[in-house]
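First comes the structure, then the notes that go with it.
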Amino acid sequence: MAGQNRLLELNELDEFRNEAYENAETYKENSKEFHDKRIIRKDFQQGDKVLLFNSRLKLFPGKLMSRWYRPFIFVVLLPYGAVRIHSEKTGHFKVNGQRLKHYLEGPVEKC
């Protein structure tokens with residue numbers, strides 16, 4: 001009698017463990033889907049001008065100092081999201097593609 005109760009309790013624990021595992025899997029899938037929906041894909045063409053995010057200005061960047069650093073020229077997309085960009089001062093170098101955004105040239109409209 002006591003042995004049967006113990007087996008039932010162990011089976012219930014296994015069921016709870018399996019449910020928790022399945023719930024964790026569905027949570028991970030849902031959170032990944034939510035995150036992936038909000039990723040903005042940036043398509044750069046060779047010769048496009050791009051701005052580079054300067055992550056070193058986080059603490060005290062100065063009142064009007066922008067974290068986006070001068071226009072560079074996009075050269076080529078490398079594997080794993082890396083990007084090669086060109087600057088006249090520093091030449092070619094590699095950066096993470098997520099640190100770039102398009103540089104929009106043109107006249108500035110005043111309000």
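Worth knowing before you read on, the calculation uses all heavy atoms, side chains too, and leaves out hydrogens, waters and symmetry mates. Predicted, not measured: the structure shown is a model, and the values here were computed from it.
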- Query: Do Arg84 and Leu78 pass the side chain to side chain contact (heavy atoms under 4.5 Å, CB included) test, and can you show the C-alpha distance, the side-chain angles, and the key distance before you say yes or no?
  - Reply: CA-CA 7 Å; Arg84 185 174 302 278; Leu78 301 171; 4.2 Å; yes
- Please test His102 against Lys49 for side chain to side chain contact (heavy atoms under 4.5 Å, CB included), starting from the C-alpha separation and ending with a verdict. CA-CA 6 Å; His102 285 280; Lys49 289 189 177 180; over 6 Å; no
- Task: Any chance you could lay out the side chain to side chain contact (heavy atoms under 4.5 Å, CB included) test for Arg99 and Asn96, step after step, and finish with the verdict?
- Result: CA-CA 6 Å; Arg99 295 178 58 200; Asn96 186 344; 4.2 Å; yes
- Item | Candidate pair Leu100 and Phe53, rule side chain to side chain contact (heavy atoms under 4.5 Å, CB included), full reasoning | CA-CA 6 Å; Leu100 298 177; Phe53 183 76; over 6 Å; no
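Arg6 has a carboxylate O that lies under 4.0 Å from a charged side-chain N of Glu9, or vice versa, which qualifies the two as a salt bridge.
A cation-pi geometry, defined here as NZ or CZ lying under 6.0 Å from the six-membered ring centre and within 45° of its normal, does not hold between Arg17 and Tyr21.
Here CG of Leu13 is found 11.0 Å from CG of Asn18. Values are rounded to the nearest 0.5 Å. Once rounded to the nearest 0.5 Å, the distance linking CG of Leu77 with CG of Asp43 reads 9.5 Å. Atom CG of Leu51 is separated from atom CG of Leu104 by 8.5 Å, given to the nearest 0.5 angstrom. Between the CD atom of Glu33 and the CG atom of Asp36 there is a distance of 8.5 Å, given to the nearest 0.5 Å. Atom-to-atom distance recorded for Ile73:CD1 and Asp48:CG is 10.0 Å, nearest 0.5 angstrom.
The environment of CD in Glu25 is crowded: more than 12 heavy-atom neighbours from other residues, nucleotides or ligands sit within 6.0 Å.
Relative orientation of the Phe72 and Phe93 rings is perpendicular, given thresholds of 30° and 60° on the angle between their planes.
Here the side chains of His92 and Val75 are in contact, with some heavy-atom distance below 4.5 Å. Side-chain contact between Glu105 and Pro71 is absent, with no heavy-atom pair separated by less than 4.5 Å.
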